[in-house]
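All of these numbers come straight from a predicted model, not from anything done at the bench.
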Amino acid sequence: MIDLLVVGGGPAGLATAIHAAEAGLEAVVAEPRPTPIDKACGEGLMPGAVNALAGLGVTVAGHPLRGIRYLDDRHRAEALFAPGPGRGVRRTELQTALAGRAAELGVRVIPVRSGSVRQSADSVYAAGVTARYLAAADGLHSPIRRQLGLDLPDPRPARFGLRRHFAIEPWTDCVEVHWSPRAEAYVTPLGPRLVGVAVLTTERGPFDGHLARFPLLARRLPASATTPVRGAGPLRQRVGSRVAGRVLLVGDAAGYIDALTGEGVSLALAGAAQLVRCVRDDRPQAYERAWRKVSRRHRLLTESLLLARQHPRLARRIVPTASRLPAAFTNLVNQLA
């Protein structure tokens, strides 16, 4: 019987497996999709995520990010990262780098789906494997979370994300967040001639239609994109608990508020470290509290910003206020960075 079965081979799952291997645990990853695995995301890593990856022995190329810039049709606010640069990295490059590090440590990846999960007092069984514990890193709409009845309803309007890439020299070394009354567009420089553009909105519709709401940004971009549209949503996922017996949720499967603050990878890495610590100590019940502690600041700031975004009168004031109070804006950004 192995120590830890990790279901899901994205960044959260691979980081969990790497932490487990470095802690002397035997981990196996169940992932039916071949590397690299792509998904819709902003692809900007905060400085904390860059440092956490380095601590795992993972380096990525990409494009350095100096900070965060908010823009609307009249105002601009910029906050620089105090801990050092972040990095814009294609999701496929990040996942490939993590997969390579896991392979170096001898982590076995089996190309199967998890299927049903069965537990006993001292083991859990899924994907044809018996393990002492299972880490569910199977994404935003986690089948394992749903199977265990851990989903909670959310009465608020659903938000969705759409992402494409454009072959153009980056004009910024910050993540640019363009605000309109009903959506945000995130521009992330990713390489010498590549930028990613992700749109977050409550309204369904084609990517180009949403992009048209940001005319200054749309005029900067080439007429055609280099990648097809990828979408994700509803983004908000409320979860009753991160622990169900010997199953522990990590990454997006552990719950998600919104992509507004771009902290998904950082939280996944922090959660992976805490999960493995609890498994190593044979104290799975301690993981819920540990996860809440490492995610508390992110949850508070993201919920507050999202609440403001959902009220039209407050939403109009977000960028002007950040522009008028640069020190406060910089402090908030670095609380997350």
* Asked: Of all heavy-atom pairs between P189 and T172, which one has the smallest distance, and what is that distance?
  -> CG-O, 3.4 Å

* **Gap between atom CZ of R76 and atom OH of Y70 - 0.5 Å precision** => 15.0 Å

* Can you find a heavy atom in the side chain of L221 that is under 4.5 Å from one in the side chain of L217? -> yes

* Asked: What is the minimum heavy-atom distance between V117 and Q147, and which atoms define it?
  -> N-OE1, 2.7 Å

* Heavy atoms only: give me the nearest S224-F166 pair and the separation to one decimal. => O-CD2, 3.8 Å

* Answer yes or no on whether R66 is positioned over the face of F81, meaning its NZ or CZ is under 6.0 Å from the six-membered ring centre and within 45° of the axis. => no

* Grab the two heavy atoms, one from I37 and one from G9, that are nearest each other, plus how far apart they are. => CD1-O, 3.8 Å

* Asked: Any side-chain heavy atom of P83 within less than 4.5 Å of one from N334?
  -> yes

* T202 and R182: side chain donor to acceptor below 3.5 Å -> no

* So F214 and H178, would you call those rings parallel, tilted or perpendicular, with 30° and 60° as cut-offs? -> perpendicular

* **Y133-V7 co-clustered via ILVMFWY side chain contacts under 4.5 Å** => no

* Decide yes or no for I257 and L306: does some side-chain heavy atom of the first lie under 4.5 Å from some side-chain heavy atom of the second? => yes

* Once you round to the nearest 0.5 Å, how far does CZ of R33 lie from CZ of R113? -> 8.0 Å

* **Backbone N/O of T35 and side chain of Q95: donor-acceptor pair under 3.5 Å** => no

* Please confirm whether the backbone N or O of H165 pairs with a side-chain atom of T227, one donor and one acceptor, at under 3.5 Å? => yes

* To do: Can you measure from OG1 (T302) to CZ (R236) and round to the nearest 0.5 angstrom?
  => 10.0 Å

* Could you tell me whether a side-chain N or O of E43 sits under 3.5 Å from a main-chain N or O of R91, the two making a donor and an acceptor? => yes

* Asked: Does A61 offer a backbone N or O that forms a donor-acceptor pair with the side chain of R87 under 3.5 Å?
  -> yes

* Structure fact -> Interatomic distance, CG@L200 vs CG@D258, rounded to 0.5 Å, equals 6.0 Å

* **R90 side chain to G62 backbone, donor-acceptor under 3.5 Å** => no

* **Modelled atom types, side-chain donor and acceptor of R297 and Q335, under 3.5 Å** => yes

* Do R219 and P215 come within less than 4.5 Å of each other through their side chains, counting heavy atoms only? -> yes

* Asked: Could R242 and Y287 be counted as a cation-pi pair, given that NZ or CZ must be under 6.0 Å from the ring centre and within 45° of the axis?
  -> no

* To do: State whether the side chain of D72 and the backbone N or O of V319 hold a donor-acceptor pair below 3.5 Å, judged by distance alone.
  => no

* State yes or no: do V265 and V89 share one hydrophobic cluster built from I, L, V, M, F, W and Y residues joined by side-chain heavy-atom distances below 4.5 Å, directly or via other members? => yes

* To do: For T321 and R317, indicate whether the former's side chain and the latter's backbone hold a donor-acceptor pair under 3.5 Å.
  => yes

* Asked: Are there more than 12 heavy atoms of other residues, nucleotides or ligands under 6.0 Å from atom CZ of R156?
  -> yes

* Asked: What distance separates L269 CG from L98 CG, expressed to the nearest 0.5 Å?
  -> 7.5 Å

* Ion pair present between R213 and D73, side-chain N to carboxylate O less than 4.0 angstrom? -> no

* Asked: Would a 4.5 Å heavy-atom cut-off, applied to side chains only, mark I144 and V247 as touching?
  -> yes

* Approximate separation, where rounding is to 0.5 Å, of R146 CZ and H141 NE2 -> 9.5 Å

* Taking 4.0 angstrom as the limit, do R238 and D151 come out as a salt bridge? -> no

* Answer yes or no: is there a donor N or O on one side and an acceptor on the other, between the side chain of Q310 and the main chain of L305, under 3.5 Å? => no

* Shortest non-hydrogen contact between L211 and A218, atoms and distance -> O-CB, 4.0 Å

* Could you tell me whether D282 and R132 have a side-chain N and a carboxylate O separated by less than 4.0 Å? => yes

* Determine yes or no for a side-chain-to-main-chain donor-acceptor pair under 3.5 angstrom, with T188 supplying the side chain and G42 the backbone. => yes

